[in-house]
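I have placed the structure first, in the form of structure tokens, so that the comments after it can refer back to it.
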Amino acid sequence: MTGPRESKLLTLREAIARFVPDGSSVCMGTALEAAIPYAAGHEMIRQRRRELTLVGPISDILFDLLVGAGCVSRVVAAWVGNVSAGLGHNYRRACEQGIPGPLAVEDHTNLSLATALLAGAIGAPYIPTRALLGTGLLESNPRFRAGTDPWSGAPVVLVPALTPDVAVLHVQRADAAGHAHAWGTLGVTREAALAARRVIVIADEIRSTDEILSDPNLVLAPPGKIAAVVHEPFGAFPSPLQGFYARDHDFFHRYHDESRTVEGNRAWLERWVLEPSDWKGFLARLGPERLDAIRARTPRPSLPVDLGG
Amino acid sequence: MTGPRESKLLTLREAIARFVPDGSSVCMGTALEAAIPYAAGHEMIRQRRRELTLVGPISDILFDLLVGAGCVSRVVAAWVGNVSAGLGHNYRRACEQGIPGPLAVEDHTNLSLATALLAGAIGAPYIPTRALLGTGLLESNPRFRAGTDPWSGAPVVLVPALTPDVAVLHVQRADAAGHAHAWGTLGVTREAALAARRVIVIADEIRSTDEILSDPNLVLAPPGKIAAVVHEPFGAFPSPLQGFYARDHDFFHRYHDESRTVEGNRAWLERWVLEPSDWKGFLARLGPERLDAIRARTPRPSLPVDLGG
Amino acid sequence: MSPAARPIPTRFTERELMVIAAGREIRDGEMVFVGMRLPLLAFAFAKRTHAPSAIGLFENGIVRDSPAPETLMTMSDTPNIPGAVWSTGTREIMGLLQQGLVDLGFIGGAEIDRHGNLNTNYVGDWRRPRVRLPGSGGGSDIASLSRRFVVIMPQEKHRFRERVDFITSPGFGDGAGWRQRVGLPGGGPSAVITTLAVFRFDPLTAEMVLASYHPGQSVERVRDATGWDLRIAPDVRETPTPSAEEIAIVRACDPLGYWTR
Amino acid sequence: MSPAARPIPTRFTERELMVIAAGREIRDGEMVFVGMRLPLLAFAFAKRTHAPSAIGLFENGIVRDSPAPETLMTMSDTPNIPGAVWSTGTREIMGLLQQGLVDLGFIGGAEIDRHGNLNTNYVGDWRRPRVRLPGSGGGSDIASLSRRFVVIMPQEKHRFRERVDFITSPGFGDGAGWRQRVGLPGGGPSAVITTLAVFRFDPLTAEMVLASYHPGQSVERVRDATGWDLRIAPDVRETPTPSAEEIAIVRACDPLGYWTR
């Protein structure tokens with residue numbers, strides 16, 4: 001029996017190997033453009049994960065990258081591309097030409113994806129919405145169903161619950177047992193942490209349990225949901241992490257330019273994902289100046305809460 | 001046009017007079033046994049408010065007190081009584097004998113009430129649940145409806161949204177514009193703040209906007225929801241407020257004993273509610289020793305979050 | 001064994017015995033919907049004995065892996081928050097429950113019937129109740145959705161009824177198969193612990209059966225305090241007398257004896 | 001007025017004009033779903049001019065009553081959080097939207113049709129798309145649920161189509177009454193602001209109508225860049241030329257000219 005405060009610290013390699021097998025549904029990119037678990041995505045590519053279902057609202061380049069690396073057979077998302085540059089070349093190639101393989105897409109909106117994860121989090125089979133009515137998404141995503149509000153007789157769309165096998169969540173800090181603190185942009189992070197069967201927490205900083213539990217209201221999920229904790233500084237690069245580092249816009253633009261062709265994409269994967277043996281290797285390749293340029297410099301600490309009695 | 005940062009500070013008397021007219025549906029007691037807005041309840045009684053609908057999960061003695069004072073025509077709740085002593089005498093008299101007047105009750109469970117407020121918060125007409133099936137509540141509360149999960153064919157109960165006219169929320173601190181910080185026990189506070197058409201924030205402490213916005217993740221609701229801010233130290237007495245004061249258990253027991261008869265209840269109302277002209281008068285009647293005895297002594301500040309860049 | 005060799009029994013109260021019996025229902029590592037009063041002490045007892053990894057959930061939004069260091073009068077008392085592993089809202093806790101992640105819940109009740117249904121809403125016809133009870137709180141939800149639940153209540157004949165007037169917290173309804181028929185996902189009641197005895201349920205008939213009577217009680221006395229023709233388990237026995245050590249642990253959990261004396 | 005008396009026109013870019021035109025759509029005190037790029041600048045412009053009490057919402061969970069102090073590339077960039085009046089989740093923001101509390105939302109699109117429907121999912125048949133576009137993001141939700149919405153997009157003939165292949169963000173569907181018929185609660189599009197012109201909708205036919213063409217454009221040029229037989233408002237006119245002061249304000253909102261140059 002694992003005690004609720006026993007360490008769940010693993011290396012990223014171990015965590016992905018144990019908790020993201022082939023065929024998993026994986027929720028990532030829950031904070032929209034921030035705190036995207038790129039380190040975890042790179043590790044999935046290095047481990048040649050296959051047949052993943054990716055779940056997330058908008059994923060910036062992470063989903064595009066995993067699609068281009070052949071890890072993905074299905075995407076459940078509201079938007080897939082490159083926020084800085086627009087279209088994602090790999091996503092387009094997969095959808096339009098089946099390169100590197102066929103890709104099924106369940107179209108969502110940000111509201112419907114948040115609603116589906118909320119339904120998963122509260123254990124409801126579905127939640128009705130008045131969005132989506134009249135749209136093509138009702139056809140292109142057959143998981144939505146038409147319904148009626150029995151009180152008013154008005155049409156609604158029933159959004160079925162999403163309960164991903166695993167949510168990979170990058171957070172600012174956590175203890176070794178997986179009590180995690182995330183702040184700033186949250187997106188659907190809180191819903192995903194509860195809707196997923198299990199959670200891999202990736203933290204820029206590991207703190208003591210006492211420090212984390214000094215603010216239990218900020219904790220993301222209860223111990224039973226946490227499968228693993230990974231300490232990976234700059235693990236959300238090139239996306240931003242509030243209080244830790246800013247977004248590296250240039251990296252997104254360069255990815256866009258270089259992934260335009262299959263060959264360019266292969267070269268990008270080699271250089272940035274496959275050749276480095278782990279995330280530290282990737283960061284070394286970026287160079288310390290690049291990380292220094294985005295590192296947070298001016299602390300803005302919050303007014304603490306007081307749990308005293 | 002009221003600017004989003006303009007002061008909404010009012011006295012409790014003004015706030016209740018303006019935003020809780022006769023016939024309102026009022027959500028209170030959202031943090032279960034903690035942070036119950038007793039000061040606001042007393043003010044409603046002093047202003048002889050009538051025909052209120054009270055909405056809340058469990059209300060400890062607040063709902064019982066308002067029912068006994070004749071302010072209430074309907075209760076929407078999972079539990080009404082006295083947590084320390086069990087039954088609420090006024091609630092029983094109203095339900096069983098129509099004293100001081102008839103009382104309609106919409107029976108909920110804590111899950112269904114939280115679900116109804118969540119539906120209100122997300123603007124959904126209803127949310128299905130697998131609780132309530134087979135219970136008498138489906139008969140005694142005709143607002144629930146039987147439904148079917150169209151994916152599995154399994155029966156569900158549809159819980160219609162609750163959107164109270166006003167939520168009266170006692171919090172630890174707020175700024176004058178109504179950006180509010182609540183922590184510790186939350187119950188359905190976050191859902192109520194969003195489901196209600198407007199919110200009266202009652203704060204033990206008023207802080208500067210900069211201090212409150214140093215932690216925008218902890219803010220309860222956006223400016224558009226806030227109708228008024230009231231500064232009322234010890235305004236949740238005799239319920240506890242994390243970081244500020246403990247529960248005064250004895251007060252609950254004495255209320256239970258004295259409200260046993262109609263006469264005793266009248267005497268209690270006179271002594272504790274009607275004779276003091278405001279909450280400060282009530283606190284003066286309690287005496288400073290009593291407040292000192294429950295005042296928090298040992299600070300337990302949280303590890304701050306850092307919004308810096 | 002000669003009478004002289006018997007260990008001298010430590011005196012204990014009815015409620016201490018109930019706490020220990022309830023604590024034995026908790027298995028290590030379980031997620032337990034704790035509630036207040038005796039179940040809270042049962043959780044503390046189990047944590048200190050056979051279930052050190054159990055986790056306790058409270059419907060106000062608190063999750064703890066250790067009991068609060070002070071006696072609580074309500075789950076929202078200030079000492080229940082520091083040391084919590086999560087402090088969230090009712091909706092999140094109820095979400096875990098509705099996901100089927102809560103192994104065990106404890107509930108009380110004003111009335112129970114032979115199929116383990118509880119009433120905490122109305123005595124008499126709900127349209128014109130003789131007694132208006134406080135209501136469900138979270139009890140109905142725990143009964144509906146936890147993988148199993150345990151009832152703790154005082155036993156009096158008028159509270160142990162053939163059929164309750166109103167089902168607040170569903171047990172097995174009118175018998176075996178009822179929960180499946182109405183669509184309830186949770187497993188239903190696994191035990192009823194009273195001031196007199198421990199009951200379990202016959203899996204075939206979903207009927208409450210006397211499993212053990214407390215020390216000082218008897219099958220007859222329990223029968224007399226039950227409002228229907230009570231079935232007795234073939235292996236009925238006396239509830240194990242708590243050891244001196246067990247009683248010492250319960251007392252350490254409730255040093256003022258507030259809930260157990 | 002003699003030609004000599006005319007004020008010397010300040011030079012401005014197409015996008016600066018679009019920002020100012022979009023900013024004029026915001027009324028004081030409104031809750032505005034802001035999005036990124038030009039709408040974000042329009043919000044900043046309106047806040048500094050006629051709508052100081054407007055509030056901006058972002059679908060990542062941020063609510064601001066003042067624009068971020070730095071140019072943002074994405075709504076989740078770190079400078080967008082300090083000074084926020086609320087930092088919450090997508091679900092809470094979408095909840096305000098679905099409650100009907102968002103007065104105005106801005107969206108873009110790859111394609112639009114004569115009834116203001118937008119497509120950001122598929123060019124061609126969605127079962128075998130010629131181009132797979134990124135998808136809705138929150139655009140569909142804003143179009144469905146905000147009290148009114150404004151479209152900002154570049155105008156090219158192939159993007160202004162008689163009928164879009166796929167409705168991502170619903171305008172007026174196939175015409176007047178469609179939104180009510182399908183059950184959409186929001187009010188639909190109130191304006192389309194392009195690189196060439198501003199369009200509004202005829203309340204009777206729910207059809208896009210040319211309201212004004214930008215300085216340097218003409219009715220004919222706008223017609224040529226529209227994929228259907230465009231209706232022209234009887235009072236069509238030139239879009240008001242921004243004042244030097246207005247342009248200065250837009251430039252102060254985007255000092256590097258990242259979005260407007």
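Both backbone and side-chain heavy atoms feed into the values below; hydrogens, waters and symmetry mates do not.
Most heavy-atom pairs under 4.5 Å with chain C, from the set B:S239, B:A94, B:S140: that is B:S140. Chain C forms the most heavy-atom pairs under 4.5 Å with one residue out of B:T185, B:V188, B:L118, and that residue is B:T185. Ranking C:G124, C:G138, C:P79 against chain B, the residue ahead of the rest is C:G138, based on heavy-atom pairs under 4.5 Å. Counting heavy-atom pairs closer than 4.5 Å to chain B, the top-ranked of the candidates C:G139, C:S140, C:G137, C:G135 is C:G137. Of the listed residues B:L133, B:L117, B:L186, the one with more heavy-atom pairs under 4.5 angstrom with chain C than any other is B:L133. Taking B:R92, B:Q97, B:H108 one by one and counting their heavy-atom pairs under 4.5 Å with chain C, the maximum is reached by B:R92. Top candidate by heavy-atom pairs under 4.5 Å with chain C, chosen from B:D107, B:I58, B:V83, is B:D107. Counting heavy-atom pairs closer than 4.5 Å to chain C, the top residue among B:A77, B:A296, B:A78, B:P57 is B:A78.
For the atom pair C:M94 CE and B:S112 OG, the distance stands at 9.0 Å (nearest 0.5 Å). Rounding to the nearest 0.5 angstrom, the gap separating the OG1 atom in B:T109 from the CD atom in C:E59 is 9.5 Å.
Proximity of C:N121 to B:L137: side-chain heavy atoms (C-beta onward) are separated by under 4.5 Å at one or more points. Side-chain contact between B:W79 and C:S136: absent, with no pair of heavy atoms (C-beta onward) separated by less than 4.5 Å. Contact check for C:F58 versus B:L32: no side-chain heavy atoms found under the 4.5 Å cut-off. Side chains of C:R132 and B:V105 form a contact here, defined as non-hydrogen atoms less than 4.5 Å apart. Inter-residue side-chain proximity for B:L87 and C:P134 is flagged as met; some heavy-atom pair is nearer than 4.5 Å. Two residues are said to be in side-chain contact when any heavy atoms from C-beta on lie closer than 4.5 Å; C:D77 and B:H249 meet this criterion.
Defined by atom type and a distance below 3.5 Å, a donor-acceptor pair is missing between the side-chain atoms of B:R190 and C:T90.
Proximity to chain B is absent for every atom of C:R128, based on heavy atoms less than 4.5 angstrom apart. Using a 4.5 Å cut-off between heavy atoms, B:E139 touches chain C through backbone and side chain atoms alike. Contacts of C:R179 with chain B are absent, with no heavy-atom separation under 4.5 Å from either backbone or side chain. C:M75 touches chain B through backbone and side chain together, each having a heavy atom under 4.5 Å away. Heavy atoms closer than 4.5 Å to chain C are found in the backbone of B:L241, but not in its side chain. For B:R130, the parts lying under 4.5 angstrom from a heavy atom of chain C are both the backbone and the side chain. Proximity to chain B involves both the backbone and the side chain of C:T88, based on heavy atoms less than 4.5 angstrom apart. With a 4.5 angstrom heavy-atom cutoff, B:S84 touches chain C only via backbone atoms. Both the backbone and the side chain of B:T129 come within contact range of chain C, with heavy atoms under 4.5 Å apart. With a 4.5 angstrom heavy-atom cutoff, B:F244 does not touch chain C via any of its atoms. For B:A35, no part lies under 4.5 angstrom from a heavy atom of chain C.
The closest donor-acceptor contact from the side chain of C:T78 to the backbone of B:A246 lies at 3.5 Å or more, if one exists at all. In terms of modelled atom types and a separation under 3.5 Å, the side chain of B:E191 and the main chain of C:R91 share no donor-acceptor contact. Listed for the C:D141 side chain is a donor-acceptor partner under 3.5 Å among the backbone atoms of B:L111.
Shortest non-hydrogen contact noted between B:G184 and C:S87 is O-OG, 2.7 Å. In plain terms, the two heavy atoms of B:P240 and C:S76 that are nearest each other are CG-O, 3.5 Å. Shown here for B:P155 and C:G183, the closest heavy-atom pair between the two residues is CG-CA, 3.8 Å. Counting all heavy atoms, side chain and backbone alike, B:Q242 lies closest to C:P82 at NE2-CD, 3.7 Å.
Residues from residues 60-68 of chain B never place a non-hydrogen atom less than 4.5 Å from a non-hydrogen atom of chain C. Below 4.5 Å, heavy atoms of chain B meet heavy atoms from C:S144, C:L145, C:F166, C:I167, C:T168, all part of residues 142-168 of chain C.
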